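In this text, all values refer to a predicted model and were calculated from it rather than measured experimentally. Side-chain atoms are counted along with the backbone in the values below, which use heavy atoms only and exclude waters and symmetry mates. All residue numbers refer to positions in the sequence shown, counting from 1. Counting convention: from 1, in listed order, for ligands and their atoms alike.
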Amino acid sequence: MGIKLATGITPIREVFKIDDGTQVTVRGWVYRRRDLGEKIFIVVRDSTGIIQTVFNHPMTLKAKKVGIESSVIISGIVRSDKRAPGGKEITADYIEVIGKSEAFPITKDASREFLLDIRHLSIRSRRLTTIFKIRDTIFKAVHDFFRKNGYYEVHCPMFITAAVEGGATLFEVKYVDGSTVYLTQSSQFYLEALIYSLEKVYTIAPSFRAEKSRTRRHLTEFWHAEAELAWSGLNDIMKVEEELITYIVNKTLEENYEELKFLGRNINALENVYPPFYRISYDEALNILEESGYKVPWGEDFGADEERVLTKQFDKPVFIYNFPEKAKAFYHKNNPNRPEVTLSADLLAPEGYGEIIGGGERIEKERDLIAKIKRFGLKPEDYQWYIDLRKYGSVPHAGFGLGMDRLVMWITGIDHIIDTIPFPRTIRRVYP
Ligand code: 4AD
Ligand code: MG
């Protein structure tokens, strides 16, 4: 048995490239079993694919007892068969059960809630496995992009002392010394501190939001790719965002065409993602919404409904810029030509998906920052170190945050953020 485990194992995907008549050994988990009396079919999966194995008498005696999701090693002869999924199967002459599985709890009619309760097992599904492979490509692509473009990867704390994105979604944590601290909503302020030495920085880390509403696009713990650039403004980062998203989508099409097809993703919609993306002002967005029967009072941010209506009208991502001051967090720089709006932009994914990136130019003058903190009813003393950065060689700078799970949701074309991540954390779920 030791030898079989250590050597001579063929990844299942590779079996389809092997000539008929060759002896192979595969290992994996039992995906499906069909008993026809004189024949038993066991479909086995590993991380690379699935294949049908066929057991004839007397091998059927051994195959009979093998339950769904048992881990097995199977040897046999490769044969072409049009009826087999993928056109090849293995006629088995050896099976060994490594870990048995009796009464695997997932059946075809399992409810969505039940599957979430046993997520530690349901993550084995073909659909989720496919999504997680695409997620892997997307994360790799973000790192590739930033490294190729001269950014330094940095790491910021998750325990913080004051809100970045407003108090309503802050998670409180009792710290070791008995004081109250919070889980970070964004690494932005720390990235801003790091541009004074590294100039171009990025991080991919969790961010936490105590989101009280149940929606299809909110997690309480999500993965956030954030970048910050010294010596730059709103237009510069919009260009970076456009190039980043294009790079990621292209990489996914290159590496995961089969997976996207399996999920039923509209490939044309992704092939259409290249610069320039659309750019509309907040005011123009309000007009489009009004024509569609949605009246948003000037100054309000958009919700999921508005973004769905808006982005259904675009065939590639769209930037919305010039958001009103009160619709965005306090750190955004106001537009010098029109002080009631900010030099901010959201990037919305098309096809109804909505916001995937928020970003903009930051306030670089101490005086302006303190004034705005006060206008927002916040206390300058809570933001002392952040204000301090403006005293020592401040420079114009800008940055953005990309919601990785939302990006995965759009690229894979799925309808709920929960399935973009193996163990989702939402208002109702922190288990398993
Ligand atoms: O628009 P947000 O709140 O912007 C910031 O946090 C900035 N400080 C980022 C920066 O400039 N460095 O969040 C950025 C993105 C959103 O566009 C969205 O994609 C995602 O983070 N996001 C969430 N994703 C899943 N669940 C949630 N609860 C999310 N909240 C925000
Ligand atoms: Mg936002």
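Inclusion of H218 in the set of residues having an N or O under 3.5 Å from an N or O of ligand 1 is not warranted. For the pair Q188 and ligand 1, the shortest N or O to N or O distance falls below 3.5 Å. Between L219 and ligand 1, at least one pair of N/O atoms sits closer than 3.5 Å. Remark: ligand 1 and I356 share an N or O pair separated by less than 3.5 Å (distance only, no angle test). On a distance-only criterion, D405 and ligand 1 share no N/O pair closer than 3.5 Å.
Near I357, the atoms of ligand 1 lying under 4.0 angstrom from a non-hydrogen atom of the residue are 17 (O). Near R217, meaning under 4.0 Å from any of its heavy atoms, are these atoms of ligand 1: 25 (C), 26 (N). The atoms of ligand 1 that sit less than 4.0 Å from any heavy atom of Y331 are 5 (C), 7 (C), 8 (N).
Between the side chains of N322 and D283, not a single donor N or O lies within less than 3.5 Å of an accepting N or O. The closest side-chain donor-acceptor pair between D46 and T48 falls under 3.5 angstrom. Side-chain atoms of E165 and Y331 include a donor-acceptor pair closer than 3.5 Å. Side-chain contact, E259 with T137: no donor N or O sits under 3.5 Å from an acceptor N or O. The closest side-chain donor-acceptor pair between Y190 and H155, if any, does not fall under 3.5 angstrom.
Of the options S186, G403, G354, S213, the smallest heavy-atom separation from atom 20 (C) of ligand 1 is shown by G403. Of the options E221, E355, M409, the smallest heavy-atom separation from atom 17 (O) of ligand 1 is shown by E355.
The shortest separation from a heavy atom of I417 to ligand 1 is under 4.0 Å, placing the residue in contact. At least one heavy atom of R362 sits closer than 4.0 Å to an atom of ligand 1.
For F314 and F277, the ring centers are positioned 6.0 Å apart or more. Residues Y282 and F302 place their aromatic rings such that the two centres sit under 6.0 Å apart. In summary, the aromatic rings of Y392 and Y196 are positioned with their centroids too far apart to meet the 6.0 Å limit.
Remark: side-chain polar atoms of K200 are not paired, donor with acceptor, to backbone N or O of F146 under 3.5 angstrom. Looking only at distances, no side-chain donor or acceptor of S179 sits under 3.5 Å from a matching main-chain atom of Y175. Using modelled atom types, one side-chain atom of S71 and one backbone atom of G99 make a donor-acceptor pair closer than 3.5 Å. Between the side chain of K372 and the main chain of H332, a donor-acceptor pair closer than 3.5 Å is present.
Residue contacts with ligand 1, taken as heavy atom pairs separated by less than 4.0 Å, involve F400 solely via the backbone atoms N, CA, C and O.
Remark: R45 is not positioned above the aromatic ring of Y31, lacking an NZ or CZ atom under 6.0 angstrom from the ring centre and at most 45 degrees off the axis.
The protein heavy atom nearest to atom 3 (O) of ligand 1 is R209 NH1, 2.9 Å.
Counting only distances under 2.8 Å, and ignoring water, the protein N, O or S atoms around the Mg ion (ligand 2) are E355 OE2.
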